[in-house]
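Worksheet for the structure shown next.
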Amino acid sequence: MSTRPEKVYFFGTCLIDLCYPQAGMAGIDLLQQQGIEVVFPQKQSCCGQPAYNAGFPEETKKVARQQLKAFPKDYPIVVPSGSCGGMLKHHYPRLFADEPEAAEAQRFAGRVYELTEFLVTVLDVKLEDRGPPIKATWHSSCSALREMGVIEHSKSLIRQLQNVELIELQRERECCGFGGTFSVKQPDLSSAMVADKAADIEQTGASVVLSGDCGCLLNIGGALEYRQIPIPARHIADFILERTHG
Amino acid sequence: MASTTVVDFPSNFIKALGNPQLRRNLRAAMDTLGLRRRTLFADPAFFAQLRARGDAIRQRSLRKLPQLLEQLERKCTENGIQVHWAETTTEASQICLDLIQRHNATRVIKGKSMVSEEMHLNHVLEEHGIEALETDLGEYIIQLDHETPSHIIVPAIHKNRDQIAHLFHEKIPDTPYTEVVEELNAIARKVLREKFFAGEVGVSGANFAVAETGTLCLVENEGNGRMCTTAPPVHIVVMGLEKVVERLEDVPPLLRLLTGSATGQLITTYFNMITSPRKPGEKDGPREVHLVLLDNGRSKILADPQLRETLKCIRCGACLNHCPVYTRLGGHAYGYVYPGPIGSILTPQIEGLDHAGAMASASSLCGACEEVCPVKIPITHILRRLRNESYNKVDSPNAVKGHGYKSNLAESLTWKGWAMSNAAPWANALNAKMLAMLGSQLTKLTKVELVKNWSQGRTLPRFAPKSLHVLAKEKGIPHE
Amino acid sequence: MSEVGEVSHARDHILTRLRAAVAQVGESAPEAGALPPLDFDRAERVARLKRLMEAMHAEIVVTDSTGWVAALKNVLRQRTLNGLLYAPETPLGATLAAAWEDDLPPLVGYTQEVEQCKEQLFAIDAGITSTKGGIAEVGALILWPDAHEPRLMSLAPAVHIAVLDADRIHNSLAEAMAQERWAEGMPTNALLISGPSKTADIELVLTFGVHGPKELIVLILDDQPAPSAPS
């Protein structure tokens, strides 16, 4: 277990900024509850992944440099997203490998934690569930699963909530079809994938679907709503905060 | 489908996605193959060790490729196997055709070979009045229906037993209709046994070629590969030149990775290692064995340190089996010989981005392919690279053929604008401004298109009244 | 060789490109080491090979060097076969010829080149071969067909009977290759066989007996059988 820091940076991610700010605030709140001082640099923007995945590394670098600048001190950088976390942790060093910022990107990457990973491995949080009994299901984002390897941390937090029954999806490891620009560049493929995901979620009988990534939530939530399946898609931080506040 | 045909990806995709039978067939099959692989490689530590070994062997083979090919040629020649080199698929097919015609042969029996598909060899032979009969059951099925393989390991996986029952009933004389799989197999066995008996030339691929000993290795379950390489008097092996490995001892780990990744088997029924034609005194086996080494763009791919990783591929098909896109489309929608993740990185490099670049966009970059790849090909990284070179003209001899074919699209401008806004400190109070910004750089049409595409089966995202930046400021979260 | 001029032209072009290509990329990191060798004991090797091959629908008969012919006769008497293809010039063939009985399928020697006997080869029901060894790790036989025991013996007949000496079951393919120094001289054709011919090309439904043998019967000659474990 890493040593417990006094201060952390919070990297809000652009999707949370735009569409799910309450999930970001929940993440900040959960950290503060553990006695951690949270710093939210106002000069942060986007990790750059949309352009990176679309095939625009130069444009990505411009944006990534801004993030390197926005988080100058050696505090851990906590990210409420496996996808953005993966970008910062695994792709920045690669992106800047042949650039003057190579060493800086390496150091930066070394400070990055996905939120649930940080809560579990660094803070060893103990949650007390104050909510009524509920069935929940979980969607693993591909980056959280394969790049960050934090799925067990996320699910261990849900399992700490004693009134929450976690029902696993049949295809928990399968992509929901978001994939950033993939969702609009390959609309037919993407919507076929999310249709299957929505059906999988519905068959669990859960009353909420949780994930650690807002891209997936945007996609899955939109698909559930489109089909008038009354299962909200919520960020895990938001859900945990609500359950533990009672 | 040759590079001259224009593949209409969007309509292919819509057609495949709208075919419920195809979707069901594929889903069931890919689930089964995935489960079998997981069961076989249940121990992650063992798998990690094995694939590290496989990766290292393939990297070394590629690093030494020219000398290994020369060594292979030398050893094969010493052993009596005749080696031919082909720069293009046309040349490779011509070499095969010449060899077959020199023996006045008209009946060719074929073992499964993706390189022969790449060469469109059957088509070339048929144009010259030579019957090229596929003898792998799956290949036989699709050949009867004038189709190409939809999967590199299980080529007829898009068909179910009813479809095959109808096909056999209609296309094979005196064949009663049956949906019993064992009976369908028996029908094919009967037809093909006569063909094995009568075949004049056998054509096969090779899974590995060992430079140290001049040995050609074939992995199979049915025995048709052994038939094609044993019964006829002449055997022609067509092989991509990247398939060579340095030493015999390199074979066992690769074999284990190949069969485990492909079908979850510890080993196939047959592993066939061929080192020479029939020697004096031996009673069977072909009197002539020919090895045709095909380049077709591979030597160019080798020059780039990132792209060359594509050539590590041992064609196990695991990336297809685990791909959420392949699972929903099947192979035919990709329009080229190699489908799925490996096809999406290999094909644009061989055919050119201007022809096949769209394959690189048919991925959500979920990484399931990389997770299972037995030789650790960085598929998603190569996909990003291909996307990048689709938009950017690259000033390098290693640039992918057809690079920059999308350089004039409005999308490039959009990302430039995006970068400007997100890189500038003043633009940080983003909120809905980000969307406004996106909008300002997109043409109206593109904006409409984006909304339309997203709205396919999804409600539109709702933007929060206050961004996290604003909320954090209001709540007094320090920003230092 | 055909079109010598044209062929060498392609060869030179390709090799020139390949040499230029590898020159561009430097040496990579040291290679991941070989996997730790497997170490089953003798009884485990026999048991594992038997279990794995049976899972692939091979029929395994564990017998010994004195009882195997009787075991073979037993196997044959359970079936209706029009003949047994064998290799008369091998020790195994000599043993069979000496012990043959009239009620058994007639022994048919593979004595001519395939061109003279192809029809018979494709018509006979069964063939018997020796083996060079076995592989416990994956459950497979090793065959090195030769002038006396040709390749089609284990392929053309619908039933393949193989005789395996338990002492020659290796832990792994890698071990067999290393111990027997395969790299110093590979035969015309070396084979691993793990069961009867099979396919799963129709809906992944596994069915046996496609193009090669429908049945594989392995007689394991084990003169040091492990004491049967108390159940």
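Here is how names work: the chains are called A, B, and so on, in the same order as the sequence lines, proteins then strands, and each is numbered from 1.
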Exercise. Which answer fits B/E222, side chain, backbone, both or neither, if we ask what part of it has an atom under 4.5 Å from a heavy atom of chain C?
Worked result: both
Exercise. So what's closer than 4.5 Å to chain C heavy atoms on B/T213: side chain, backbone, both or neither?
Worked result: side chain
For this session: Indicate yes or no: at least one non-hydrogen side-chain atom of B/R161 is less than 4.5 angstrom from one of C/V205.
Result: yes
Exercise. Which answer fits C/E184, side chain, backbone, both or neither, if we ask what part of it has an atom under 4.5 Å from a heavy atom of chain B?
Worked result: neither
For this session: Output the option from B/H290, B/M227, B/Q67 having the highest count of non-hydrogen pairs under 4.5 Å with chain C.
Result: B/M227
Problem set entry | Contact origin within B/N398 toward chain C - heavy atom pairs under 4.5 Å | side chain
Exercise. Checking B/T135 against chain C: side chain, backbone, both or neither under 4.5 Å from a heavy atom?
Worked result: backbone
Problem set entry | Minimal non-hydrogen separation, B/M273 against C/W182, with atom names | SD-CZ3, 4.2 Å
Exercise. Is it the backbone or the side chain of B/L241 that comes under 4.5 Å from a heavy atom of chain C, or both, or neither?
Worked result: side chain
For this session: Under 4.5 Å heavy-atom distance to chain C, tell me which part of B/I267 shows up: side chain, backbone, both or neither.
Result: both
Seminar exercise, completed: Whatever's closer than 4.5 Å to a heavy atom in chain C on B/Q265 counts as side chain
Problem set entry | Shortest non-hydrogen contact from B/F196 toward C/K118 | O-NZ, 4.1 Å
For this session: Go through the atoms of C/E137 and report whether side chain, backbone, both or neither lie under 4.5 Å from a heavy atom of chain B.
Result: both
For this session: Please flag which part of B/Y140 lies under 4.5 Å from any non-hydrogen atom of chain C: side chain, backbone, both or neither.
Result: neither
Problem set entry | Engaged part of B/L255 at the chain C interface, taking heavy atoms whose separation is under 4.5 Å | side chain
For this session: Using modelled atom types only, decide if a donor and an acceptor are shared between the side chain of B/K159 and the backbone of C/I202 within a distance under 3.5 Å.
Result: no
Problem set entry | Side-chain heavy-atom pair C/M56, B/L266 within 4.5 angstrom cut-off | no
Exercise. What part of B/T259 is in contact with chain C, defined as an atom under 4.5 angstrom from a non-hydrogen atom: side chain, backbone, both or neither?
Worked result: neither
Exercise. Hey, are the side chains of B/R256 and C/V138 touching, using non-hydrogen atoms and a 4.5 Å cut-off?
Worked result: yes
For this session: Heavy-atom distances under 4.5 Å only: say whether B/N160 touches chain C with side chain, backbone, both or neither.
Result: both
Problem set entry | Side-chain donor-acceptor contact under 3.5 Å, B/R226 with C/S197 | no
For this session: Answer yes or no: is there a donor N or O on one side and an acceptor on the other, between the side chain of C/R151 and the main chain of B/T230, under 3.5 Å?
Result: no
For this session: Verify whether one side chain among C/T188 and B/S276 offers a donor that lies under 3.5 Å from an acceptor in the other.
Result: yes
For this session: Go through the atoms of B/I141 and report whether side chain, backbone, both or neither lie under 4.5 Å from a heavy atom of chain C.
Result: side chain
Exercise. Considering all heavy atoms of both residues, which atom of B/Y270 and which atom of C/G195 are nearest to each other, and what is their separation?
Worked result: OH-O, 4.4 Å
Problem set entry | Validation row: B/L248, C/M186 side chains within 4.5 angstrom (heavy atoms) | yes
For this session: With a 4.5 angstrom heavy-atom cut-off, could you sort out which part of B/L69 is near chain C: side chain, backbone, both or neither?
Result: side chain
Exercise. Between B/D284 (side chain) and C/L152 (backbone), is there a donor-acceptor pair under 3.5 Å?
Worked result: yes
Exercise. Would a 4.5 Å heavy-atom cut-off, applied to side chains only, mark B/R63 and C/V22 as touching?
Worked result: no
Problem set entry | Check: B/W85 and C/H13 side chains under 4.5 Å, non-hydrogen atoms | no
Exercise. Can C/E113 and B/R287 be counted as an ion pair, charged N to O under 4.0 angstrom?
Worked result: yes
Seminar exercise, completed: Assert top hit (heavy-atom pairs under 4.5 Å, partner chain B, pool C/L121, C/V210, C/V114) equals C/V210
Problem set entry | Basic-acidic side-chain contact under 4.0 Å: B/E91, C/R11 | no
Problem set entry | Residue part contacting chain C, namely of B/A52, when any heavy atom lies under 4.5 Å | both
Seminar exercise, completed: Smallest heavy-atom separation, B/K279 atom then C/P187 atom, equals NZ-C, 4.1 Å
For this session: Flag the pair C/E115 and B/K283 as a salt bridge only when some basic side-chain nitrogen lies within less than 4.0 angstrom of an acidic carboxylate oxygen.
Result: no
Exercise. Are B/D295 and C/R17 within salt-bridge range, i.e. N to O under 4.0 Å?
Worked result: yes
For this session: Provide the closest heavy-atom pair for B/Q49 versus C/L35 in the form atom of the first, atom of the second, distance.
Result: O-CD1, 4.0 Å
Problem set entry | Side chain proximity check, B/N25 to C/E203, heavy atoms < 4.5 angstrom | no
